[in-house]
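Note sheet for the following structure.
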Amino acid sequence: MAKARKDLRGRALRKGEMQRSSDKRYVYSYTDPLGRRKYLYANDLVTLRQKEAELTKNQLDGLDIYVAGKATVNFVFDRYMSLKTNLRQTTRSNYLYMYDRFVRETFGNKKIADIKFSDVLQFYNCLLEEQEIQINTLESIHTLLHPTFQLAVRDDIIRNNPTDGVMAEIKKNSDHNTGVRHALTIPQQRAFMEHIANHPVYCHWWALFTILLGTGCRIGEALGLRWEDLDYENRAISINHSLVYYPVGDSRTSVQHISKPKTKAGERTIPMLDSVKDAFEMLWEQQENGWNDVEIDGMHGFIFCNRFGNVPNPQSVNRAIKRIVADYNASEEVNAKKEHREAVMLPDFSAHHLRHTFCTRLCEQETNLKVIQSIMGHKDIKTTMDIYAEATEEKKQESFERLAATLNVF
């Protein structure tokens, strides 16, 4: 049996430990992930073992592999997420969902120090072409990978961020332009609402879609409205919270929660149109004077509820829109042929298109961008300006058509 090594005071030393006789300092030797011999030094054994314990913890956490540049993209992403302590739960859940779905099992297993610009470009192209994701989805993935690599740059693990400039290169391809969300035209908007109002099955959706088209609320803001958020005297709607859904636990089952609006600018007051007021009053009567027993995160008195007595979720609203659009288009195509006219067909759209439609109608009537930004709750006025530019472009064309019909000087 090998004889245990001891220090000058007769205390047994562990494997890798020794005490130098020249200066009586303690030394611990170990091998790093790159196979290099490393040493820890201390003036006493207690301090040395504290350093050993810290080293062991770092090794278990993977920091030694990280420092050596052998960590995977997954490791650095998880480290990046652990540092984002100010993220809302909904945002964190969305980030993890996007990463786990598109990155973790493939690109995420690569060693971060080995990844080059061309590797990222190839991965992005693969997502676009093989998985056929939209460019907007790719941009969401990029917003996760870019700061992940940037963290490694700041920690001196890699010299350059290989994701820099990749999206610009992708967008050079004309086939991969950012999708533009277009508003419904006035004829389409009228056709959609008239079809709902006159339909024996879908008529119960009229109030919700009237409120969405008459307020420009985000779907979560609308579904989260409570009766106490309405001020009939001043004809105003207070937007101070939002209903959100995000997965929890290992089962990733989505659960309803109350959250602050998307941005600080989202906390706002929206004027109440007559048609919107009528919709709220209709819902009040349907709820037997606004009563329901749903409670979410301590809040109650919600305006919207489904046939099961629960607050509906955005997915159910979007599914309803798809059913309504399909039903309308089928009947409109037949009616247009019978009446020998051009059919007014509805495009595929979601609840968020109704917010965009409201904003477009508002831009067609209002020229003050700050007023529009305040009502819409846009954090960045550039968002408002983009919608305003699209709306005024259509009005410009209409103006020239009227001018051509009346101007008779040529």
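Predicted, not measured: the structure shown is a model, and the values here were computed from it.
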Legend entry - Distance-only polar pair, side chains of His378 and Thr383, donor-acceptor under 3.5 Å: no
Are more than 12 heavy atoms from other residues, nucleotides or ligands located less than 6.0 Å from atom [atom1] of [X]?
{"X": "Gln122", "atom1": "CD", "value": "no"}
{"X": "His300", "atom1": "NE2", "value": "no"}
{"X": "Glu295", "atom1": "CD", "value": "yes"}

Legend entry - With Arg190 via salt bridge (Lys or Arg N to Asp or Glu O under 4.0 Å) - residues at least two apart: none
Legend entry - By salt bridge (Lys or Arg N to Asp or Glu O under 4.0 Å) - contacts of Arg104 (at least two apart): Asp78, Asp100
Non-neighbouring partners of [X] that pass side chain to side chain contact (heavy atoms under 4.5 Å, CB included), sequence neighbours left out:
{"X": "Asn160", "value": "none"}
{"X": "Ser140", "value": "Met98"}
{"X": "Arg9", "value": "Asp7, Arg11"}

Can you tell if the side chain of [X] reaches within under 4.5 Å of the side chain of [Y], non-hydrogen atoms only?
{"X": "Arg361", "Y": "Ile186", "value": "yes"}
{"X": "Leu212", "Y": "Arg355", "value": "no"}
{"X": "Lys382", "Y": "Ile387", "value": "no"}

When rounded to the nearest 0.5 angstrom, what distance separates [atom1] in [X] from [atom2] in [Y]?
{"X": "Ile196", "Y": "Thr210", "atom1": "CD1", "atom2": "OG1", "value": "7.5 Å"}
{"X": "Gln188", "Y": "Phe349", "atom1": "CD", "atom2": "CZ", "value": "8.5 Å"}
{"X": "His241", "Y": "Asp297", "atom1": "NE2", "atom2": "CG", "value": "10.5 Å"}
{"X": "Asp164", "Y": "Phe149", "atom1": "CG", "atom2": "CZ", "value": "10.5 Å"}

Legend entry - Presence of salt bridge, Lys337 and Glu332, under 4.0 angstrom: no
Legend entry - SB check Arg5 Glu17 (cutoff 4.0 Å): no
Inset, instruction - Would you list the pairs meeting salt bridge (Lys or Arg N to Asp or Glu O under 4.0 Å) in which at least one residue belongs to residues 268-277, sequence neighbours left out? - result: Glu221-Arg268, Arg235-Asp274, Lys277-Glu281
Inset, instruction - Check the pair His195 / Asp327 against side-chain hydrogen bond (donor to acceptor under 3.5 Å, both in side chains), numbers first and verdict last. - result: CA-CA 9 Å; His195 185 71; Asp327 183 80; 2.7 Å; yes
Inset, instruction - Give a yes or no on whether the ring-centroid distance for His142 and Tyr124 is below 6.0 angstrom. - result: yes
Legend entry - Test of ring centre spacing under 6.0 Å for Tyr99 and Phe77: yes
Inset, instruction - Decide yes or no on side-chain hydrogen bond (donor to acceptor under 3.5 Å, both in side chains) for Ser29 and Arg37, but give the supporting numbers first. - result: CA-CA 7 Å; Ser29 63; Arg37 202 69 178 165; 3.1 Å; yes
